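If you're wondering where the values come from, they're calculated on a predicted model, not measured in any experiment.
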Amino acid sequence: MNETLQIVIFVVLAIAVLGSLAVVLLKGRRTPPGLYTSQRDDDDTPGLRAHGSTSTDLLDRPSGTDAGTDSVPDVVVPDDLSGLDQSTATVPLDTPDTVQGRLARLRARLVRSNNALGKGLLALLSRDRIDEDVWDEVEETLLMADLGTEPSMELVDALRERVKVAGSRDPAEVTAMLREELIKLVDPTMDRSLATLRHADRPAIVLVVGVNGVGKTTTVGKLARVLVAEDKDVLLGAADTFRAAAAEQLATWGERVGVATVRSDVDGADPASVAYEAVKAGIDQEVDVVLIDTAGRLQNKVGLMDQLGKLKRVIEKQGTVDEVLLVLDATTGQNGLNQAKVFSEVVNITGIVLTKLDGTAKGGIVVAIQRSLGVPVKLVGIGEGADDLAPFDAESFVDALLT
């Protein structure tokens, strides 16, 4: 009996000891609080990480924690977004000036800086005695202003006849005569409107061409601002893929006025492909105008014809190009005329954009280019300001020269 009792007591003690050990072990192996917010799935099994599984019930140990440390740092999860910066990283949009505001500023700048031609002529024609020497000086002044030989002779002959008939030396009368003759040469009858009206099924397509260094990409950006100010939806196409910074520069202009830019991520991509995708995107997005910037790195006439010819053909698979604007630097004089002639042989130029028409430019280039190509100057830019581009107006231009 005693032996049996001893065995029972021994078994009970053994069970008690094993039970205590089990409790201790269970307390020592516990999932950190807060790791699981719902009932655990079957694959949330402790210890699998050591066997190659990505599932684990342990938080990754932060850097700097000792390998033997079992403690887990507190993790604070905010229950709202009150402490987060919710501002966007978008570029603030510019507000383009109105057409009237741009015209007024450009006229004022012309009056201040580019009136040497008008003042020089007025000084000559206001002399007490106007003889052949004076008329020779008048013609020389016109030629130096890049007016061109034929237009200069026409203006001198017309003024000589009018002054002789009037027999007057009054500065006001002479100014009026000169103004009328200059306006005739600039030709206010030419159509200077831009073909930027959307078609029924597609946007207007504007192709901008010109050599490097004339401010072509900048002009595209400024023109986008002009069109945005007229409440038009615009899309830019960065088809100048040879100049590394051209696409980025154009995209920056677009961001400033909320206009998207279609460009390639590949250096030296096919310009025609970029132009095609830009027009396609413009049709899909139902924009009003697609402006396409083209490359200016054209080493010879053959390269020019090949590139622009292909680009224009590819674009016109989706729609006719409505406007081809040739950007020229007004300070280049006769060199600009030569560029204009080459471009006109390759693409059908519909309008001229004269840039850098500031104090160093010669206003007569307006007449020379129009006479040479039979194409109107449609836009004029003075300075580097974002809004320093406006429609060209013959009378306003002449008035600024003579002020």
What one should report as the nearest heavy-atom pair of Gly210 and Leu326 is CA-CD1, 4.1 Å
Charged N to carboxylate O below 4.0 Å: is that the case for Arg225 and Glu230? no
- Message: Any heavy-atom pair between the side chains of Leu194 and Glu323 that's under 4.5 Å?
- Response: yes
Here the gap from Thr219 atom OG1 to Leu379 atom CG, rounded to the nearest 0.5 Å, amounts to 8.5 Å
Is Glu181 salt-bridged to Lys184, going by a charged N under 4.0 Å from an acidic O? yes
- Is the backbone N or O of Leu236 less than 3.5 Å from a side-chain atom of Thr261, with the two atoms forming a donor-acceptor pair by type? no
Do Val321 and Ile292 have side chains that get closer than 4.5 Å, going by heavy atoms? no
Q | Ala272 backbone acceptor or donor facing Lys310 side chain under 3.5 Å | A | no
**Asked** Should Trp253 and Val220 be marked as a side-chain contact (heavy atoms from CB on, under 4.5 Å) after you check the CA-CA gap, both sets of side-chain angles, and the distance that decides it?
**Response** CA-CA 9 Å; Trp253 276 102; Val220 176; over 6 Å; no
Rounded to the nearest 0.5 angstrom, the CG-CG distance for Asp293 and Leu223 is 11.0 Å
If you measure from the Lys or Arg side-chain nitrogens to the Asp or Glu carboxylate oxygens, is any gap between Asp322 and Arg202 under 4.0 Å?
-> yes
Kindly say whether Ile369 contributes a backbone atom to a donor-acceptor pair with the side chain of Ser372 at under 3.5 angstrom?
no
Discussion item. For the backbone of Thr294 and the side chain of Lys216, can you confirm whether one donor and one acceptor N or O come within less than 3.5 Å of each other?
Written reply: yes
Q | Pair Gln249, Thr218: side-chain N/O donor-acceptor within cut-off below 3.5 Å | A | yes
Query - Flag, side chain of Asp329 to backbone of Val214, donor-acceptor distance under 3.5 Å - result: no
request  = Side-chain contact test, heavy atoms from C-beta onward, threshold under 4.5 Å: evaluate it for Val209 versus Val346 and give yes or no.
outcome  = no
d(Leu182 CG, Met177 CE) to nearest 0.5 Å is 13.5 Å
Discussion item. Determine whether a donor-acceptor pair (N or O, by modelled atom type, separation under 3.5 Å) exists between the side chain of Gln370 and the backbone of Pro376.
Written reply: no
Shortest non-hydrogen pair, Leu185 vs Glu154, comes out as CD2-OE1, 3.9 Å
Using a strict threshold of under 4.0 Å (side-chain N to carboxylate O), is an ion pair present between Glu132 and Arg160?
yes
ask   = Does a side-chain N-to-carboxylate-O contact under 4.0 Å join Glu180 and Arg162?
value = yes
Salt-bridge criterion met for Glu286 and Arg198 (N-O under 4.0 Å):
no
Taking C-beta and beyond as the side chain, do Val353 and Val380 meet within less than 4.5 Å on heavy atoms? no
**Report entry** Test item: Val366 and Phe392 side chains (from C-beta on) under 4.5 Å apart, heavy atoms
**Finding:** yes
All heavy atoms of Ala204 vs all of Ala195, minimum pair found to be CB-O, 3.7 Å
Rounded to the nearest 0.5 angstrom, the OH-CG distance for Tyr276 and Asp270 is 13.0 Å
Is there a side-chain contact (heavy atoms from CB on, under 4.5 Å) between Val206 and Thr196? Walk through the geometry before answering. CA-CA 8 Å; Val206 179; Thr196 56; 4.2 Å; yes
Checklist entry - Quick one: does Pro391's side chain get under 4.5 Å of Lys378's, heavy atoms only? => result no
What do the steps show when you test Val287 against Val290 for side-chain contact (heavy atoms from CB on, under 4.5 Å), and what is the final call?
-> CA-CA 7 Å; Val287 303; Val290 177; 4.0 Å; yes
Value for CG (Leu354) from CG (Leu389), rounded to nearest 0.5 Å, stands at 10.5 Å
message = What verdict does the side-chain contact (heavy atoms from CB on, under 4.5 Å) test give for Lys312 and Leu308, after you've listed the backbone C-alpha separation in whole Å, the side-chain angles of each residue and the deciding distance to 0.1 Å?
response = CA-CA 6 Å; Lys312 192 167 183 286; Leu308 285 183; over 6 Å; no
Could you tell me if Arg243 and Thr217 have a donor-acceptor pair between their side chains, going purely by distance under 3.5 Å?
yes
For Leu235 and Gly282 the tightest heavy-atom approach is CD2-N, 3.4 Å
Quiz item: Does some side-chain heavy atom of Asp393 sit less than 4.5 Å from a side-chain heavy atom of Arg192?
Solution: no
When rounded to the nearest 0.5 Å, the distance separating CD1 of Ile315 from NZ of Lys317 is 11.5 Å
Closest non-hydrogen contact found for Thr320 with Ile205 is O-CD1, 3.9 Å
*Exceeds 12 heavy-atom contacts within 6.0 angstrom, atom NZ of Lys232*: yes
Can you establish whether the number of heavy atoms outside Glu140 located under 6.0 Å from its atom CD is more than 12?
no
All heavy atoms of Ala340 vs all of Leu373, minimum pair found to be CB-CD1, 3.5 Å
Applying salt bridge (charged side-chain N to carboxylate O under 4.0 Å, His left out) to Asp187 and not counting sequence neighbours gives none
Inset, instruction - Evaluate the side-chain proximity of Leu142 to Leu155: yes if any heavy-atom separation is below 4.5 Å, no if none is. - result: yes
*Count the heavy atoms belonging to other residues, nucleotides or ligands that lie under 6.0 Å from CG of Asp231, then report whether that count exceeds 12.*
no
Donor-acceptor check, side chain of Thr241 to backbone of Ala269, threshold 3.5 angstrom: yes or no?
yes
